[in-house]
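Please read the structure below before turning to the comments.
Below, chains carry the letters A, B, ... as their sequence lines are ordered, and counting in each starts from 1.
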There are 2 protein chains.
Amino acid sequence: MRIGDLATASGLTAKTIRFYEQAGLLPEPPRTTGGYRDYDGDAAGRLAFIRDAQGAGLTLAEIRSILALRDDGESPCGHVTALIGQHLADIERRLTELRTTRAALRELAQRASQTDPDTCGSNGICTILSPH
Amino acid sequence: MRIGDLATASGLTAKTIRFYEQAGLLPEPPRTTGGYRDYDGDAAGRLAFIRDAQGAGLTLAEIRSILALRDDGESPCGHVTALIGQHLADIERRLTELRTTRAALRELAQRASQTDPDTCGSNGICTILSPH
DNA sequence: CTAGACCTTCCAGTGCACTGGAAGGTCAAG
DNA sequence: CTTGACCTTCCAGTGCACTGGAAGGTCTAG
């Protein structure tokens, strides 16, 4: 299986697959006599795993750490569980941040709807955003 | 007022202030005979505006567009209102995304708590993340 | 024999908002 | 006169996940 076929099968680009190899996420595949990368069936599964893990919000560095553990013959379960917990906490934090920002923006929108463009910029820069 | 004083007053670093100047967010200030930047009181207000706008989630590029309008003597109110609306929509989108990811991660955490590390990695890479 | 689809490597750029460091100039206090 | 805090410019790097492009090699169909 050449890189283009694997790209089609996985929904990635050949560029990305080479990038993953260079980033240590994929092992170097054997080559054909012409120098082309020659993938076996495992590669697609590995890419699917990367996709799933990315979908769960893990970074490539974290995914690499999981793959490295498992390539060493160790079960990465504990590691994966810890990462999931960390990402859940991270998401909660970002949700809180976003809700705060949303509240602030709603107030700004409210203020904007009551602002007269003619009197607005007269002394400051923008009384909507900076109503000192 | 030298750059260090302005940095202290605004809570930014001198590096960042130079960066803002280079990025077109701050006008070039006059220089002392020694070649030092010499800021007047307006600079602090402008930096405060940038801070407020950033707090509302606007990017530096957007803030630059607002400042450019107002520096041209135009009222940026309509522009600001549009940007606020865009960012509100953006935040709603990201909130939805994050909630989806959180639900997925919670399911993974649930699965992780029921996974036996000894039987887990036997055939796939990780049955928690990729339970095909 | 040639066109063109695909592959190779290597280098560099994207966007965002800075940050670090080198090499040197200015200024006030002691 | 020297020390040291502060300033200057310029270049380059950070983190993340790719993406683009050049220059060239390989393979298959017609």
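Nearer to the 5' terminus of DNA chain C, by closest-nucleotide assignment, is the contact made by A:Ala14 (compared with the other of A:Ala14 and B:Leu60). Checking B:Arg2 against B:Phe19, the closest nucleotide of DNA chain C that is more toward the 5' end is the one next to B:Phe19. Toward the 5' end of DNA chain D, the nearer of the two residues B:Lys15 and B:Gly4, judged by each one's closest nucleotide, is B:Gly4.
Interface limits on DNA chain D: the 5'-most and 3'-most nucleotides within less than 4.0 Å of chain A heavy atoms are D:dA17 to D:dC27.
Rounding to the nearest 0.5 Å gives a distance of 11.5 Å between CD1 of B:Ile3 and CG of B:Asp38. Here the CD-CD distance, from B:Glu28 to B:Gln22, works out to 10.5 Å after rounding to the nearest 0.5 Å. The distance from atom CD of A:Glu97 to atom OG1 of A:Thr100, rounded to the nearest 0.5 Å, is 7.5 Å.
The stretch residues 26-40 of chain B touches DNA chain D through B:Arg31, B:Gly35, B:Tyr36, B:Arg37, each having a heavy atom within less than 4.0 Å of the strand.
A salt bridge links B:Asp71 with B:Arg46: the closest approach of a Lys/Arg side-chain nitrogen to an acidic carboxylate oxygen falls below 4.0 angstrom.
Residue-level contact check: A:Gln54 touches the backbone only, with heavy atoms under 4.0 Å from sugar-phosphate atoms and none from bases.
Checking side-chain atoms of A:Thr16 against main-chain N and O of A:Leu12 turns up no donor-acceptor pair under 3.5 Å. Not a single donor-acceptor pair under 3.5 Å links the side chain of B:Arg2 to the backbone N or O of B:Tyr36.
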Report, one line per pair, each donor and acceptor closer than 3.5 Å where one atom sits in a side chain of residues 103-110 of chain A; sequence neighbours left out.
from	atom 1	to	atom 2	distance (Å)
A:Arg106	NH2	B:Glu92	OE2	3.2
A:Glu107	OE2	A:Arg111	NH2	3.2

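For the side chain to side chain contact (heavy atoms under 4.5 Å, CB included) criterion with A:Leu25, the lone passing option out of A:Leu47, A:Leu60, A:Ile17 is A:Leu60.
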